[in-house]
Amino acid sequence: MDISGFMHKYYDWDAFEKFVKDLYECDGDITVQRDVTELDRYGAKRQTDVKIVRRTRFHKFITLVECKRWKDPVSRDRIDVLAASVEALGANNGAIFTTTGFEEGAKAYAKGKG
């Protein structure tokens with residue numbers, strides 16, 4: 001989805017995170033939190049920009065979202081940090097929203113991580 005045409009409205013990272021949170025809040029029966037800090041299974045603190053929890057009758061699905069309002073493309077190391085957070089916090093998956101795209105190495109690494 002090409003959102004570059006209206007991204008000028010989101011001048012800073014805070015407005016960008018709120019925008020992404022609002023996108024998910026319109027998606028049905030879910031809980032969406034912004035700027036969540038939790039202890040992972042190893043006792044380390046991990047901060048997530050947006051956390052989405054969808055509950056069904058028998059299951060809970062967690063998605064961790066990172067929002068990158070940067071001048072440069074997202075690098076592989078940011079994908080690695082998100083993948084580690086997904087594993088350490090017991091989430092089902094993760095996503096990164098960016099206004100500048102991804103480096104080629106980041107794309108390949110993310111694809112490998114699923």
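All residue numbers refer to positions in the sequence shown, counting from 1.
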### Message
Suppose we screen for side chain to side chain donor-acceptor pair (under 3.5 Å). Which residues come up paired with K107, at least two apart in sequence or across chains?
### Response
E104
### For V32 against K21, the heavy-atom pair lying closest together
CG1-CG, 3.4 Å
### Message
Using modelled atom types and a 3.5 Å cut-off, is there a donor and acceptor pairing between side-chain atoms of N92 and backbone atoms of T63?
### Response
no
### Task
Give the minimum heavy-atom separation between L89 and L39, together with the two atoms involved.
CD2-O, 3.9 Å
### Query
Excluding sequence neighbours, so at least two apart, what forms side chain to side chain donor-acceptor pair (under 3.5 Å) with K60?
none
### Task
Could you grab the distance from atom OG1 of T31 to atom CZ of R54, nearest 0.5 Å is fine?
10.0 Å
## Note on the structure
Minimal heavy-atom distance between A106 and S75, with the atoms involved, is CB-C, 3.6 Å
### Verify same cluster id: F97, I30 (apolar side-chain graph, 4.5 Å)
yes
#### Entry: NE2 on H59 to CZ on R57, rounded to 0.5 Å
11.0 Å
### Query
Looking at CZ of R78 and CH2 of W70, how far apart are the two atoms once the value is rounded to the nearest 0.5 Å?
5.0 Å
### Message
With clusters defined by side-chain heavy atoms of hydrophobic residues (ILVMFWY) lying less than 4.5 Å apart, directly or transitively, does I52 cluster with I62?
### Response
no
### Task
Locate the shortest heavy-atom distance separating R76 from E103; write the atom from each residue and the value.
N-OE1, 4.2 Å
### Task
List the atom of F102, the atom of P73, and the distance in Å for their closest heavy-atom pair.
C-CB, 3.8 Å
#### Entry: Backbone N/O of D72 and side chain of T100: donor-acceptor pair under 3.5 Å
yes
### Message
Under a 3.5 Å distance rule, please check whether R41 uses its side chain to pair with a backbone N or O of E87 as donor and acceptor.
### Response
yes
### Message
Once rounded to the nearest 0.5 Å, what's the spacing between atom NZ of K51 and atom OG of S85?
### Response
11.5 Å
### Message
Please say yes or no: joined through hydrophobic side-chain contacts below 4.5 Å, possibly via intermediate residues, are I96 and V50 part of one cluster?
### Response
no
### Summary
Exactly one of T37, D40, V36, V86 clears side chain to side chain contact (heavy atoms under 4.5 Å, CB included) with R46, and that residue is D40
### Where L64 and A91 come nearest, the two heavy atoms and their spacing
CG-CB, 3.7 Å
